[in-house]
Amino acid sequence: QLVESGGGLVQAGGSLRLSCAASKRTFSNYVMGWFRRAPGKEREFVAAISGTGHITRYADAVKGRFTISRDNTKNTVYLQMTSLKSEDTAVYYCAADYSSWVRSPLSSGSYGPRGDWGQGTLVTVSS
């Protein structure tokens, strides 16, 4: 089970940190990712992180503004979002893949609808 939290309303230029708590026995064996779905658009990749946290990948749209991290002692992955823009408004979803980084589709920015997903948390950026 994946449970996201931390969404809310923030002004453009502001910051927000999302959390995703995972009920996984061996959390460090999971590649974790964040995706988002803006109103009227398809879900898109945001960021991914390897099981150890040493490798990360970002979508070009968020590179330099968002940071993905994880705390394997707390079974939690985070998404620190800064310099938020109105176009960042979306429902943000957490995804988990029991895999190595090189084998996980998350490492290439994709993940299927039948994968392990959270329920999402809404981020609204007002301009």
Side-chain angles (χ1 to χ4, degrees):
Q1 184 181 11
L2 302 173
V3 180
E4 301 97 333
S5 62
L9 175 64
V10 61
Q11 287 189 331
S15 300
L16 211 56
R17 188 176 83 157
L18 306 182
S19 299
C20 172
S23 299
K24 306 295 185 187
R25 275 191 171 184
T26 55
F27 181 65
S28 61
N29 288 343
Y30 286 80
V31 176
M32 301 296 295
W34 286 97
F35 289 71
R36 66 186 182 186
R37 177 176 284 157
K41 296 187 177 181
E42 294 194 355
R43 187 155 51 190
E44 65 175 1
F45 171 76
V46 175
I49 188 167
S50 64
T52 61
H54 294 158
I55 307 172
T56 57
R57 179 189 172 109
Y58 296 92
D60 288 342
V62 306
K63 206 171 291 184
R65 300 188 299 121
F66 290 11
T67 302
I68 188 171
S69 63
R70 64 192 294 159
D71 185 339
N72 287 346
T73 66
K74 296 181 179 179
N75 281 23
T76 302
V77 63
Y78 304 98
L79 186 68
Q80 179 68 50
M81 305 184 293
T82 63
S83 301
L84 283 161
K85 307 174 182 179
S86 57
E87 50 263 44
D88 294 318
T89 294
V91 177
Y92 284 72
Y93 299 90
C94 176
D97 187 27
Y98 184 77
S99 175
S100 64
W101 177 258
V102 294
R103 292 178 181 268
S104 175
L106 288 173
S107 66
S108 58
S110 65
Y111 199 49
R114 294 180 179 272
D116 198 352
W117 293 94
Q119 83 291 344
T121 185
L122 176 63
V123 173
T124 303
V125 183
S126 63
S127 56

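On a predicted model such as this, the values are computed, not experimentally measured, just so you know.
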Trainee: Give, for atom OG of Ser23 and atom CG of Leu2, the distance between the pair rounded to the nearest 0.5 Å.
Mentor: 8.0 Å

Trainee: Below 4.5 Å, heavy atoms only, C-beta onward: do Tyr78 and Asp71 meet side chain to side chain?
Mentor: yes

Trainee: Please answer: with hydrophobic residues joined when any side-chain heavy atoms are less than 4.5 Å apart, are Leu79 and Val125 in the same cluster?
Mentor: yes

Trainee: Under a 4.5 Å side-chain heavy-atom rule over Ile, Leu, Val, Met, Phe, Trp and Tyr, are Leu16 and Tyr58 clustered together?
Mentor: yes

Trainee: What pair of heavy atoms forms the shortest contact from Gly33 to Leu106, and how long is it?
Mentor: N-CD1, 4.0 Å

Trainee: Could you check whether Arg70 makes a cation-pi contact with Tyr30, meaning its NZ or CZ is under 6.0 Å from the centre of the six-membered ring and within 45° of the ring axis?
Mentor: no

Trainee: Are Met32 and Phe66 connected in the hydrophobic side-chain network, where two residues link if heavy atoms are under 4.5 Å apart?
Mentor: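 As far as the 4.5 Å side-chain criterion goes, Phe66 and Met32 are connected within one cluster.
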
Trainee: Check Ser127 against Ser86 and note the closest heavy-atom contact, atom names and distance.
Mentor: CB-CB, 4.4 Å

Trainee: So, for Val31 and Ile49, which heavy atoms are closest and what is the spacing to 0.1 Å?
Mentor: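 The answer is CG1-O, 3.4 Å.
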
Trainee: Is there a side chain to side chain contact (heavy atoms under 4.5 Å, CB included) between Asp88 and Arg36 once you walk through the steps?
Mentor: CA-CA 9 Å; Asp88 294 318; Arg36 66 186 182 186; 2.9 Å; yes

Trainee: Relative to the ring of Tyr111, is the ring of Trp117 parallel (under 30°), tilted (30 to 60°) or perpendicular (over 60°)?
Mentor: tilted

Trainee: May I have the step-by-step check of side chain to side chain contact (heavy atoms under 4.5 Å, CB included) for Tyr92 and Glu4, ending in yes or no?
Mentor: CA-CA 8 Å; Tyr92 284 72; Glu4 301 97 333; over 6 Å; no

Trainee: Could you check whether any side-chain heavy atom of Thr52 comes within less than 4.5 Å of a side-chain heavy atom of Trp101, counting everything from C-beta outward?
Mentor: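 When only atoms from C-beta onward are counted, Trp101 and Thr52 do not touch, as no gap falls below 4.5 Å.
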
Trainee: To the nearest 0.5 Å, tell me how far Arg17 CZ sits from Thr67 OG1.
Mentor: 11.5 Å

Trainee: Do NZ/NE/NH1/NH2 and the carboxylate oxygens of Arg103 and Asp97 come within less than 4.0 Å?
Mentor: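 Not counted as a salt bridge, because no side-chain N and carboxylate O are separated by less than 4.0 Å.
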
Trainee: Distance-only, no hydrogens or angles: does the Arg57 side chain make a donor-acceptor pair with backbone N or O of Ser107 under 3.5 Å?
Mentor: yes

Trainee: Hey, are Lys63 and Asp60 close enough for a salt bridge, meaning a charged N less than 4.0 Å from a carboxylate O?
Mentor: yes

Trainee: Which value, rounded to the nearest 0.5 Å, describes the distance between Ile68 atom CD1 and Ser50 atom OG?
Mentor: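 Ile68 atom CD1 to Ser50 atom OG measures 9.5 Å (nearest 0.5 Å).
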
Trainee: Are the side chains of Met81 and Val123 in touch, meaning some heavy atoms are under 4.5 Å apart?
Mentor: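 Result yes, sub-4.5 Å side-chain heavy-atom pair found.
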
Trainee: Out of curiosity, does Tyr98 fall in the hydrophobic cluster containing Phe27 (side-chain heavy atoms, cut-off under 4.5 Å, transitive links)?
Mentor: yes

Trainee: Given the rule that I, L, V, M, F, W and Y join up when any side-chain heavy atoms are under 4.5 Å apart, are Val62 and Val77 in one cluster?
Mentor: yes

Trainee: Identify the heavy atoms of Ser83 and Ser15 that sit nearest to each other, and give their distance.
Mentor: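 Reported closest heavy-atom pair: N-OG, 4.4 Å.
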
Trainee: Of all heavy-atom pairs between Gly118 and Tyr93, which one has the smallest distance, and what is that distance?
Mentor: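 Here Gly118 and Tyr93 meet closest at O-CD2, 3.6 Å.
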
Trainee: Counting C-beta onward and ignoring hydrogens, is there a side-chain heavy-atom pair between Val91 and Arg43 closer than 4.5 Å?
Mentor: no

Trainee: Would you indicate whether the side-chain heavy atoms of Ser126 and Leu9 approach each other to under 4.5 Å?
Mentor: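 Counting from C-beta outward, Leu9 and Ser126 do come under 4.5 Å.
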
